Amino acid sequence: MSFVEQLGTLDFSIFVGYFLVALAIGFWAGREKKQTSRDFFLTSGTLSWAVIGFSTIGASLSTEQLVGVVGFAYTHGMAVANWEWLNFVGYSLLIWVFLPIYARNRIVTMPEFLELRYGSSVRRMYAAISVLSYVFINLAGVIFSGAFLLNQMLGLEMWVGTWGLTILAGTLTIYGGMSSVAWTQVFQSVLLIGGGLLVFFLGLSEVPGGLTEIIGEGRRAHLILPASDPELPWTAMVVLAFSTGPWYFCTNQYINQNSLGAKNEWHARMGILLACFLGFFTALAYVFPGMVAHAINPNLASGDEALPFLLKTVIPTGLKGLILAGLCGAIMSTIQALINSSATILTIDLYGGRPNVKVSEKQMIRFGRWAGVAILITGAIWAPVVSTFGSIFSYFQECWFLIAAPIMAIFLLAVFWRKATNAAAAWTLGLCFPMFVLPYFLRFFEVKMNTFNIAGLVFILSILFIMLVSRWTEAPDPTKIANVLWKRSTLELPSDIVAMGYPIHRWVSIWWVITISVFVGLYIKYW
């Protein structure tokens, strides 16, 4: 019996109810007229820490996680949890280094930050790179994996799922801007985590040996694997922790867009810290179900079939509709975040940032909406290319790891090394363009070296390249870049926030230590 034949009246009612609630929340949140482009794209300082935390999770979790990570965990076991639990490094850099600098300089987009540090040419280059990566890697991958999931579960043709998701998710985003995105993401992220945990615990009850059997033995039972491991060596985890992870959380417009719209810096930091803490549960929700599927049936034809297999076999009638709603929430939330962030960069950095050209706020908002339409259509057209990779998760990771390396090098040296120059940053950003096609060349020529290790070498070489070029090019004016360099005072909250009352239970540092201790404990236990 297929999944759709197993759905009862209650399942369909919950599924339809989800879409009605999501649409209602989105239109309610976006109902107020937006006077400025900042209102439309960032909500102008209205988001609380709880909204930021859950909406950040909603932006970062999608069918790439639901299908891809579950499938990857089915194949490789515990080591895949690093993609959730090692994120504490990137989150910490965002909380203590980058986010205070963004907030105090009233940054709207990540390219805008690079202009403050390096210059307008670097801003435009990074804006173009960001839009290209969001549309052709992130958005295309999310749309394809969402259509794949709907095909596996409901029997929908791939083209129907692709364009159905495109139209539905785009409607809310293009209508309401960031207000609609943030509030629908809160609703959807609760469904995401709750639905994933439900799959895990119901699957756990189906495995006679319990958690011990699910974790397994040998290679599958460890977070850190030997350097000789062909797929996930510990060297790859180092790259994940210090290059790809920080790139994803510290330099990514669609992740940071929520925190940039915070009420104040405390809400921004605590929201990101909440997202970091929720990473413990997202691993249980999206990594461990793959391990559950392997414990129940280790003979599936592909790891990407693990999640549909679990939904068909362990979820009882009555709950299938809830899980299906959660999966659609994952797809919707990430598509919304990608559309909004891409349109933000196109509008503010490229359209509104043209030299000697003035555009009104009304024109900016109108352009942003039409940019969202163009982005959606392009991503949907490119989506079938994802099927040329071995797995959905591989498509994302192989592309991300390589592009992340030079970008993260530029951002790190931007705040930690005052001698990094505009020319060095521009030349290093140029490395990103060949990185877009390098994964395809590596596959075509059947290069055996681990892609993650290649990304590590690119990261190190990028840092050295910036330092070398900076020594031979004009140094920046220290007075112009002082506000974007990290200093010890960056760790502290602004005095006006502290003056409002900052009792010990609101200390970001205490909650950060508690959160990090949880992840350190996990690595001690499952090393």
Side-chain angles (χ1 to χ4, degrees), residues 89-130 133 239 241-257 259-260 265 268-269 272 341 345 348-349 353 400 403-433 435 455 458-491:
V89 178
Y91 277 126
S92 297
L93 275 172
L94 181 57
I95 292 167
W96 299 114
V97 177
F98 289 98
L99 193 52
I101 295 174
Y102 296 156
R104 294 170 197 183
N105 288 280
R106 290 183 57 80
I107 296 298
V108 176
T109 68
M110 299 297 100
E112 182 184 1
F113 163 75
L114 290 184
E115 180 177 29
L116 289 179
R117 177 58 179 86
Y118 293 115
S120 58
S121 60
V122 175
R123 175 182 186 171
R124 289 192 293 271
M125 285 182 68
Y126 187 59
I129 290 167
S130 296
S133 65
V239 179
F242 294 100
S243 175
T244 312
W247 162 80
Y248 187 79
F249 292 105
C250 300
T251 77
N252 217 328
Q253 183 70 26
Y254 78 89
I255 295 297
N256 286 319
Q257 196 125 320
S259 56
L260 295 177
E265 193 177 310
R269 292 199 199 196
I272 295 301
S341 57
I345 293 172
I348 293 176
D349 294 302
W400 277 350
I403 292 173
I407 293 174
M408 195 60 218
I410 290 168
F411 272 79
L412 275 177
L413 294 182
V415 297
F416 286 122
W417 195 46
R418 61 184 176 82
K419 294 182 180 180
T421 67
N422 180 15
W427 279 98
T428 307
L429 271 181
L431 294 174
C432 291
F433 292 103
M435 294 302 153
V458 173
F459 179 58
I460 294 170
L461 291 173
S462 297
I463 292 175
L464 295 175
F465 183 74
I466 294 173
M467 290 181 169
L468 180 64
V469 175
S470 294
R471 289 189 176 277
W472 296 97
T473 51
E474 183 180 356
D477 183 345
T479 60
K480 291 184 178 180
I481 65 171
N483 290 335
V484 293
L485 293 175
W486 186 88
K487 50 189 81 71
R488 289 191 64 181
S489 60
T490 309
L491 297 171

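Since we're looking at a predicted model, the values are computed, not measured.
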Just how far is it from atom CG of Leu429 to atom CD1 of Ile407, taken to the nearest 0.5 Å?
6.5 Å
Between Tyr126 and Phe411, is any pair of side-chain heavy atoms under 4.5 Å apart?
yes
Is the shortest heavy-atom distance from the side chain of Phe249 to the side chain of Leu93 under 4.5 Å?
no
Give the minimum heavy-atom separation between Pro111 and Gln253, together with the two atoms involved.
CD-OE1, 4.4 Å
Would you say the side chain of Ser259 lies within less than 4.5 Å of the side chain of Asn256, judging by non-hydrogen atoms?
yes
4.5 Å side-chain heavy-atom contact, Leu260 and Val108
no
For a 4.5 angstrom cut-off between non-hydrogen side-chain atoms, does Leu116 reach Ile107?
yes
Note: Phe242 and Met408 closest approach over all heavy atoms is O-CG, 4.2 Å
Listed partners of Phe416 passing ring-ring contact (aromatic ring centres under 6.0 Å, His included), at least two apart
Trp486
Give, for atom CD1 of Ile95 and atom CZ of Arg269, the distance between the pair rounded to the nearest 0.5 Å.
8.5 Å
Supply the atom-to-atom distance Leu468 CG to Leu464 CG, rounded to the nearest 0.5 angstrom.
8.5 Å
For Arg104, is the CZ atom crowded, meaning more than 12 foreign heavy atoms sit under 6.0 Å from it?
yes
Check: Asn105 side chain, Val484 main-chain N or O, donor-acceptor pair, under 3.5 Å:
no
So, taking the atom named NZ in Lys419 and the one named CG in Leu413, what distance separates them when rounded to the nearest 0.5 Å?
13.0 Å
Taking all atoms of both residues into account, what is the closest heavy-atom pair of Val122 and Ala426, and its distance?
CG2-N, 4.0 Å
Between atom OG1 of Thr490 and atom CH2 of Trp96, what is the distance when rounded to the nearest 0.5 Å?
11.5 Å
Between Ala405 and Ser243, which heavy-atom pair has the shortest distance, and what is it?
CA-OG, 3.6 Å
Less than 4.5 Å apart, any side-chain heavy atom of Leu412 and any of Trp417?
no
Taking Thr421 for its side chain and Ala475 for its backbone only, find out whether a donor-acceptor pair lies under 3.5 Å.
no
Given the rule in the side chain to side chain contact (heavy atoms under 4.5 Å, CB included) test, do Leu99 and Glu265 qualify, once you have shown the distances and angles that lead to the verdict?
CA-CA 8 Å; Leu99 193 52; Glu265 193 177 310; 5.8 Å; no
The single option from Thr244, Val458, Ile460 passing side-chain contact (heavy atoms from CB on, under 4.5 Å) against Val239:
Thr244
Do you know the tightest heavy-atom contact between Ala420 and Ser470?
CA-OG, 3.4 Å
Please give me the minimum heavy-atom distance between Ala424 and Ile466, naming the atom from each residue.
CB-O, 3.6 Å
Do Arg117 and Pro476 come within less than 4.5 Å of each other through their side chains, counting heavy atoms only?
yes
4.5 Å side-chain heavy-atom contact, Glu115 and Asp349:
no
Can you measure from OH (Tyr118) to CG (Leu114) and round to the nearest 0.5 angstrom?
7.0 Å
